[in-house]
> 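Take a look at the following structure, please.
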2 protein chains.
Amino acid sequence: MALDDRKRLILQAIVEDYINSAEPVGSRSISKKPELNLSAATIRNEMGDLEEMGLLAQPHTSAGRVPTTGGYRMYVDSLMERYEMTAAEIEKMRQATSMKKQELEKIVRDVAAAFSGITGLPVIGMLPASEAGIVKNIKVVKVDDYTAMLIVSDKSGIIKNRLLKLNQDISESFADELSKILNQNLAGLTISEINISNMMEIRSAIGHNFEILTSVIELVHEAVSEIDSKQIFVDGLSNILRFPEYSSVDKVKELFDVLENKENLSKLIVEANPTNCTKVLIGEEMPLDELKNNSLVIAPYRASERLIGLLGVIGPKRMDYSRIISGLEFFTAQLSGVLTKDFGTRQILLEMGKGDET
Amino acid sequence: MALDDRKRLILQAIVEDYINSAEPVGSRSISKKPELNLSAATIRNEMGDLEEMGLLAQPHTSAGRVPTTGGYRMYVDSLMERYEMTAAEIEKMRQATSMKKQELEKIVRDVAAAFSGITGLPVIGMLPASEAGIVKNIKVVKVDDYTAMLIVSDKSGIIKNRLLKLNQDISESFADELSKILNQNLAGLTISEINISNMMEIRSAIGHNFEILTSVIELVHEAVSEIDSKQIFVDGLSNILRFPEYSSVDKVKELFDVLENKENLSKLIVEANPTNCTKVLIGEEMPLDELKNNSLVIAPYRASERLIGLLGVIGPKRMDYSRIISGLEFFTAQLSGVLTKDFGTRQILLEMGKGDET
DNA sequence: ATTAGCACTCTTTCTCTTTGAGTGCTAACA
DNA sequence: TGTTAGCACTCAAAGAGAAAGAGTGCTAAT
């Protein structure tokens with residue numbers, strides 16, 4: 001059976017009706033649409049065909065139709081019109097991303113929170129391990145007795161830091177010297193190339209202060225690996241409570257249990273693998289069985305072309321794909337813009353000129 | 001009417017039964033307890049008295065009794081026995097607090113998460129603004145083009161940092177010079193004493209590099225105020241889904257709405273004011289009407305006597321006060337211990353000797 | 001002072017019925 | 001031949017009793 005234009009229009013109308021109402025859609029309500037001047041009986045015939053094609057389903061014999069995963073897929077891939085944001089919405093979103101310059105993690109968290117607020121859906125944010133980041137500069141700074149701070153900056157301008165609590169007190173000049181040594185040996189390597197063996201090489205390259213150096217080097221190594229670790233979080237999870245899909249506490253609990261587990265989240269995102277473009281996973285397409293009643297829209301953001309992280313929206317299968325996709329692409333683009341401007345290489349900064357609104 | 005020993009025993013039994021079962025407690029189930037060798041009819045008479053005294057209530061005529069807020073208060077203040085943790089529990093808790101040395105905020109978040117996991121209840125953590133913290137050292141370190149890091153350590157050993165994204169590039173020596181100037185002028189002040197006017201004094205005290213200095217000083221001021229800001233968070237909020245008190249999504253939503261609002265949380269904690277000791281707020285004693293069906297147990301933690309923050313457990317009125325209070329006091333004590341050892345002044349570090357397990 | 005006994009109350013649970021939305025099919029129509 | 005009106009049918013959801021069960025308060029006996 002062919003999916004002719006009329007069937008496409010009917011399917012689109014049903015999906016959109018269901019997205020709005022969360023109620024199975026009957027033939028009568030579709031027949032009322034002026035753009036389809038057809039009787040309910042005709043719609044029923046068409047609906048029967050669409051059901052046979054696997055695009056619609058009935059919860060029970062005497063109910064209206066609900067889109068199947070295939071139905072949503074068809075809608076997302078070829079029926080849905082791209083949502084054009086209004087000027088007011090764009091302004092609102094722009095405000096949400098016009099944040100003060102600050103740490104990468106904080107920016108991403110702020111953006112996720114803003115986006116979650118705007119969409120009314122939970123937002124997943126991920127900052128992957130920056131294994132591929134090439135170390136530009138490593139610094140150890142004394143900040144207090146027994147305490148130093150390790151600061152690592154990479155070529156794409158991302159800066160991470162961590163406190164080192166030492167067993168011995170060190171002098172400022174020792175910290176400077178250490179910084180110099182670390183830099184000489186580690187700059188230019190990727191973070192994943194820094195391992196305990198090249199740290200030990202550094203140690204043995206130096207004669208004096210052997211005892212202190214050993215433990216400091218170990219701490220630095222530990223700190224580097226920790227800095228490098230992947231971060232993943234969910235913001236606005238409680239937004240799902242608004243949906244009739246989650247009117248039972250058991251369903252809420254099930255979703256919360258899955259999404260509060262970092263491993264699950266990580267698996268979800270890795271398998272979605274949206275490294276180049278926005279991806280939409282619907283229902284059973286989700287890598288986790290527990291999420292088969294949900295959908296995920298996920299997109300990458302970058303700093304100067306390098307992949308920095310991912311931002312995703314999770315919600316019921318019945319989410320407003322058109323709006324969510326447009327919004328997400330806007331947000332990741334804005335985020336990439338901010339990151340490229342703030343964290344990007346010198347060249348890119350210069351290209352941008354000095355038009356800086358801070 | 002006097003609250004004699006028998007009434008006290010009965011009240012205690014009812015409260016504990018209700019804490020376990022979440023069901024109104026009938027006279028029969030109490031009369032079965034061997035320590036109270038009484039018939040159900042006698043218990044009924046006593047229950048009637050306890051109800052008249054405002055310590056118990058009936059959901060409806062033919063239901064068992066439920067403790068009122070007054071009943072819980074009586075239980076917490078003078079009936080409940082202090083829960084003694086088992087060696088296994090202590091070990092489990094100790095493991096949860098034997099964290100690596102790291103940033104204050106991360107330690108507190110980790111402890112809150114661990115405690116939430118152990119109690120199965122949401123845990124509120126707060127790091128108040130460190131207005132009273134006396135600045136020991138301020139440092140500005142160049143980390144990348146257009147980027148510096150501000151690091152502030154205070155007398156009790158707490159270290160905070162923030163990136164500064166500059167409009168101009170600065171040299172390392174400029175950063176060092178700036179650090180020196182900031183230190184000379186600001187060390188010894190409390191953080192709340194650092195305001196825009198003494199920053200401007202610093203600026204005018206220096207002649208050269210005027211233009212750059214102005215914007216850097218402004219950024220530093222901004223960063224200091226931000227560093228100083230209060231932090232507040234809730235961990236394990238979804239734990240409440242386990243309780244029959246939250247079997248309806250509306251109730252869950254109401255609680256989530258309140259607890260996801262930082263201002264509410266802040267109000268809650270400020271009014272609870274547990275600056276010296278553990279406090280228990282029950283039902284209507286809560287400063288927020290929306291929380292009148294919940295209770296809060298909250299306690300401070302310190303580093304070398306100075307108040308650092310608060311840790312609280314929130315849950316249904318029917319929470320196991322005895323266990324929660326013991327657990328919370330254990331955790332805040334552990335936390336204070338870690339903070340005093342890791343972040344405390346030099347003297348305290350020395351007192352502790354070098355028995356350091358890192 | 002305590003307790004057994006009993007009538008009474010009120011929620012919870014179950015079953016049965018009704019209602020209503022929606023379908024599929026048939027036959028008539030353009 | 002595609003479209004539509006009409007109608008019998010299905011099934012979930014809502015409502016109305018009825019029965020069960022837990023628990024009380026009161027009275028009278030111990």
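Values below: all heavy atoms of this structure, side chains included; hydrogens, waters and symmetry mates excluded. By convention in this document, chain letters (A, B, ...) are assigned in the order of the sequence lines, proteins followed by strands, and residues within each chain are numbered from 1.
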> Side chains of B:E84 and B:S326: is there a donor and an acceptor less than 3.5 Å apart?
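Per modelled atom types, B:E84 and B:S326 side chains form no pair under 3.5 Å.
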
> Quick one: do A:R73 and A:E285 make a salt bridge, cutoff under 4.0 Å?
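Salt bridge present between A:R73 and A:E285.
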
> Rounding to an integer number of Å, can you tell me how far A:E51 CD sits from C:dT23 C1'?
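Taking atom C1' of C:dT23 as the reference, CD of A:E51 is at 10 Å.
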
> Would you please confirm or rule out a distance under 4.0 Å between OP1 or OP2 of C:dA1 and any side-chain N or O of B:R6?
no

> Would you indicate, yes or no, if C:dT2 has its OP1 or OP2 atom less than 4.0 angstrom from a side-chain nitrogen or oxygen of B:T42?
no

> Of the candidate nucleotides D:dC11, C:dT23, C:dC10, which contains the atom at the shortest distance from the side chain of A:M47?
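For the A:M47 side chain, the nearest candidate turns out to be C:dT23.
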
> What is the distance, rounded to the nearest whole Å, between atom CG of A:D49 and atom P of C:dC25?
12 Å

> Whether the side chain of B:R44 and the base of C:dG5 hold a donor-acceptor pair under 3.5 Å is what I'd like checked.
yes

> Could you state the atom-to-atom distance from CD1 of A:I10 to C1' of D:dG2 in whole Å?
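A:I10 atom CD1 is separated from D:dG2 atom C1' by 13 Å.
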
> Less than 3.5 Å apart, any donor N or O on the side chain of A:K317 or A:T69 sitting next to an acceptor on the other?
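Yes, A:T69 and A:K317 have a side-chain donor paired with an acceptor closer than 3.5 Å.
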
> Can you check the B:H60 NE2 to D:dG23 P distance for me, whole Å?
10 Å

> Report the distance from atom CG of B:L38 to atom C1' of C:dA4, rounded to the nearest whole Å.
15 Å

> Quick one: label A:T61 by what it contacts on the DNA or RNA (base, sugar-phosphate, nothing), any heavy atom closer than 4.0 Å.
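Touches sugar-phosphate only.
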
> Does B:S39 get its side chain close enough to the base of C:dT3, under 3.5 Å, for a donor-acceptor pair?
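No, no donor-acceptor pair under 3.5 Å.
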
> Any donor-acceptor pair under 3.5 Å linking the side-chain atoms of B:Y83 with those of B:E89?
yes

> Looking only at side-chain atoms of B:Q58, point me to the closest of C:dT9, D:dT4, D:dG25.
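The listed nucleotide nearest to B:Q58's side chain is D:dG25.
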
> Could you give the CD-to-P distance, from A:E23 to D:dA12, as a whole number of Å?
15 Å

> Rounded to the nearest Å, what distance is computed from the CZ atom of residue A:R28 to the P atom of nucleotide D:dG6?
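Nearest whole value for this atom pair: 12 Å.
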
> Quick one: A:D4 CG to D:dG2 C1', roughly how many Å, whole number?
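Distance check: A:D4 CG to D:dG2 C1' gives 12 Å.
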
> Check the pair B:E81, B:S322 against side chain to side chain donor-acceptor pair (under 3.5 Å), reporting the backbone distance first and the verdict last.
CA-CA 7 Å; B:E81 280 140 35; B:S322 180; over 6 Å; no

> Is the distance from OP1 or OP2 of C:dC8 to the nearest side-chain N or O of B:S62 less than 4.0 Å?
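The answer is no; no side-chain N or O of B:S62 sits under 4.0 Å from OP1 or OP2.
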
